[in-house]
Amino acid sequence: MTSIVIPAHNEGRVIGRLLDALLADTSSSGPDIVVVCNGCTDDTARVAGARGDRVRVVEIPTPSKHTALRVGDEHARGFPRLYVDADVVVGSADIRALAGALDRDPGLLAAAPGRDIPLAGCAWPVRAYYRVWQLLPAVREGLFGRGVIAVTEEGHRRIAALPPLMADDLAASLAFGPGERRVVEAARVVVRPPRTWADLIRRKVRAATSSAEFERFQATGEPAGPARPADGPSAGRADGRAGGQDAPAAPSARTGTADLRALLRARPTLVPEVAVFAAAALAARRGARRAIREQDFSTWLRDESSRQG
């Protein structure tokens, strides 16, 4: 049986549209759906519970996505297993397409849908940013930034071993090699973007902060906390290899200037959009400095504009 785990923190405004899409065109023998309301102070649990017996609602007091995912695992009944953010929209047919891809290919451990980002109503700089972002190779090929990831039982064991990280979807994507993960374009998810420049920068500051935490984890095996001296007990990698120039390069989804130059060579008309993208990246790095310096990898800068309507 396919299981779907949905961690939700104060998502009463949007979780109904996701659940309605998941429940449409399915019978009572459809996927097992578990909504884990973590630290909610709104009506998320009521909205989810109103969808009937096919949605099981679990409430925990801790506002933690990582904890919610682990609790969801305790209640989920089968595989393939999908982890779905409460603020995206993915339908029942898309779930079947993802589960089918995993079932048909024994070497495939993780899959995610193609993403649709509706930009109508967004400020021009936001539209410009996403026109570039969606064309980047790492963004096209990675499982992150989609709000949905499906895994087999073996794939689940791999991501379950990851520590609590703010960049949980990035870490999950990079836990699998190119032959073990796939973007299934036949399946689609709607990911609503921020509507304003300020909200975009908030989201990108969070991304820059979480990427710094993830890169620290790759280098030291420590997910967060005060930095240790380079020659201290945590100077090695999580797998026991010492860091340094002899260690193999860790997998990365970071965009570099070479990626932007290649994009401009292929699409020279995107110069204004690339300038906006670069400005957003610079603003995000500046905004993330204090959190990175203080090792604050728990403050979640939430964009509310994408949850309107």
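Note: hydrogens, waters and symmetry copies are ignored here, and every other heavy atom, side chains too, is used.
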Arg158 and Leu109: CA distance, side-chain angles, deciding distance, side-chain contact (heavy atoms from CB on, under 4.5 Å) verdict: CA-CA 9 Å; Arg158 192 173 298 182; Leu109 304 182; 3.5 Å; yes
Can you check side-chain contact (heavy atoms from CB on, under 4.5 Å) on Leu264 and Val271, steps first, answer last? CA-CA 7 Å; Leu264 283 176; Val271 168; 3.8 Å; yes
Start with the C-alpha gap between Tyr129 and Ile201, add the side-chain angles, then the distance that decides, and say whether side-chain contact (heavy atoms from CB on, under 4.5 Å) holds. CA-CA 11 Å; Tyr129 176 90; Ile201 297 305; over 6 Å; no
Applying side-chain contact (heavy atoms from CB on, under 4.5 Å) to Tyr83 and Ile4, what does each step give before you reach the verdict? CA-CA 6 Å; Tyr83 301 97; Ile4 302 172; over 6 Å; no
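The line from CZ of Arg202 to CZ of Arg206 is 9.0 Å long, rounded to the nearest 0.5 Å. Here Arg192 contributes atom CZ and Asp116 contributes atom CG; the two are 10.5 Å apart, rounded to the nearest 0.5 Å. How far CG of Leu82 is from CD1 of Ile149: 9.0 Å, rounded to the nearest 0.5 Å. Between Arg115 atom CZ and Gln134 atom CD the span is 7.0 Å, to the nearest 0.5 Å. Once rounded to the nearest 0.5 Å, the distance linking CD of Glu273 with CG of Leu263 reads 9.5 Å. Going from atom CD1 of Ile60 over to atom NE2 of His9 covers 11.0 Å, rounded to the nearest 0.5 Å.
Annotation: side chain of Leu108 is not in contact with side chain of Glu180 (no heavy-atom distance under 4.5 Å). Residues Asp73 and His156 are in side-chain contact: their nearest non-hydrogen atoms beyond the backbone lie under 4.5 Å apart. The shortest side-chain heavy-atom distance between Val184 and Pro113 does not fall under the 4.5 Å cut-off. The shortest side-chain heavy-atom distance between Val14 and Val89 does not fall under the 4.5 Å cut-off. Between Val90 and Val84 there is a side-chain heavy-atom pair separated by less than 4.5 Å. Asp32 has its side chain out of reach of Thr2: every pair of non-hydrogen atoms, C-beta onward, lies at least 4.5 Å apart. Counting heavy atoms from C-beta outward, Asp20 and Arg17 have side chains that stay 4.5 Å or more apart. The shortest distance between side-chain heavy atoms of Val5 and Ile33 does not fall below 4.5 Å.
Closest approach of Arg182 to Asp105, counting heavy atoms only: NH2-OD2, 2.8 Å. Counting all heavy atoms, side chain and backbone alike, Ile159 lies closest to Val151 at CD1-CG1, 4.0 Å. For Asn38 against Pro7, the heavy-atom pair with the smallest separation is ND2-C, 4.1 Å. Across all non-hydrogen atoms, the minimal contact from Cys40 to Cys37 is SG-CB, 3.7 Å. Closest approach of Ala48 to Val57, counting heavy atoms only: CB-CG2, 3.8 Å. Shown here for Leu143 and Ala110, the closest heavy-atom pair between the two residues is CD1-CB, 3.7 Å.
Between Phe214 and Phe217, the two ring planes are tilted [angle within 30° to 60°].
Using a distance-only test at 3.5 Å, with no hydrogens or angles considered, no donor-acceptor pair links the side chain of Arg195 to the main chain of Ala120. Not one N or O on the side chain of Thr152 forms a donor-acceptor pair closer than 3.5 Å with the backbone of Pro80. Ser211 places a side-chain N or O within donor-acceptor distance of the main-chain N or O of Ala207, the cut-off being under 3.5 Å. A distance-only check finds no donor-acceptor pair linking the side chain of Ser173 to the backbone of Asp169 [under 3.5 Å]. Counting only distance, with no hydrogens or angles, the side chain of Ser92 and the backbone of Leu23 share no donor-acceptor pair below 3.5 Å. Between the side chain of Asp94 and the backbone N or O of Gly91, at least one donor-acceptor pair lies under 3.5 Å. Side-chain atoms of Arg81 come within 3.5 Å of backbone N or O of Gly78 as a donor-acceptor pair. The backbone N or O of Gly287 sits nowhere less than 3.5 Å from a side-chain atom of Arg290 that would complete a donor-acceptor pair. Looking only at distances, no side-chain donor or acceptor of Arg77 sits under 3.5 Å from a matching main-chain atom of Ser3. Without hydrogens or angle criteria, Asp85 side chain to Asp87 main chain gives no donor-acceptor distance under 3.5 Å.
The hydrophobic cluster containing Val190 does not contain Val183, counting ILVMFWY residues as joined when their side-chain heavy atoms lie under 4.5 angstrom apart, directly or transitively. Leu22 is not connected to Leu102 by any chain of hydrophobic side-chain contacts under 4.5 Å among Ile, Leu, Val, Met, Phe, Trp and Tyr, and they are in different clusters. When hydrophobic clusters are built by joining Ile, Leu, Val, Met, Phe, Trp and Tyr residues whose side-chain heavy atoms come closer than 4.5 Å, directly or via intermediates, Leu174 is grouped together with Trp133. Grouping the Ile, Leu, Val, Met, Phe, Trp and Tyr side chains by contacts below 4.5 angstrom, directly or via other members, places Leu282 apart from Val132. The hydrophobic cluster containing Phe79 does not contain Phe176, counting ILVMFWY residues as joined when their side-chain heavy atoms lie under 4.5 angstrom apart, directly or transitively.
In this structure, Arg140 places its CZ atom where more than 12 heavy-atom neighbours from other residues, nucleotides or ligands lie under 6.0 Å away.
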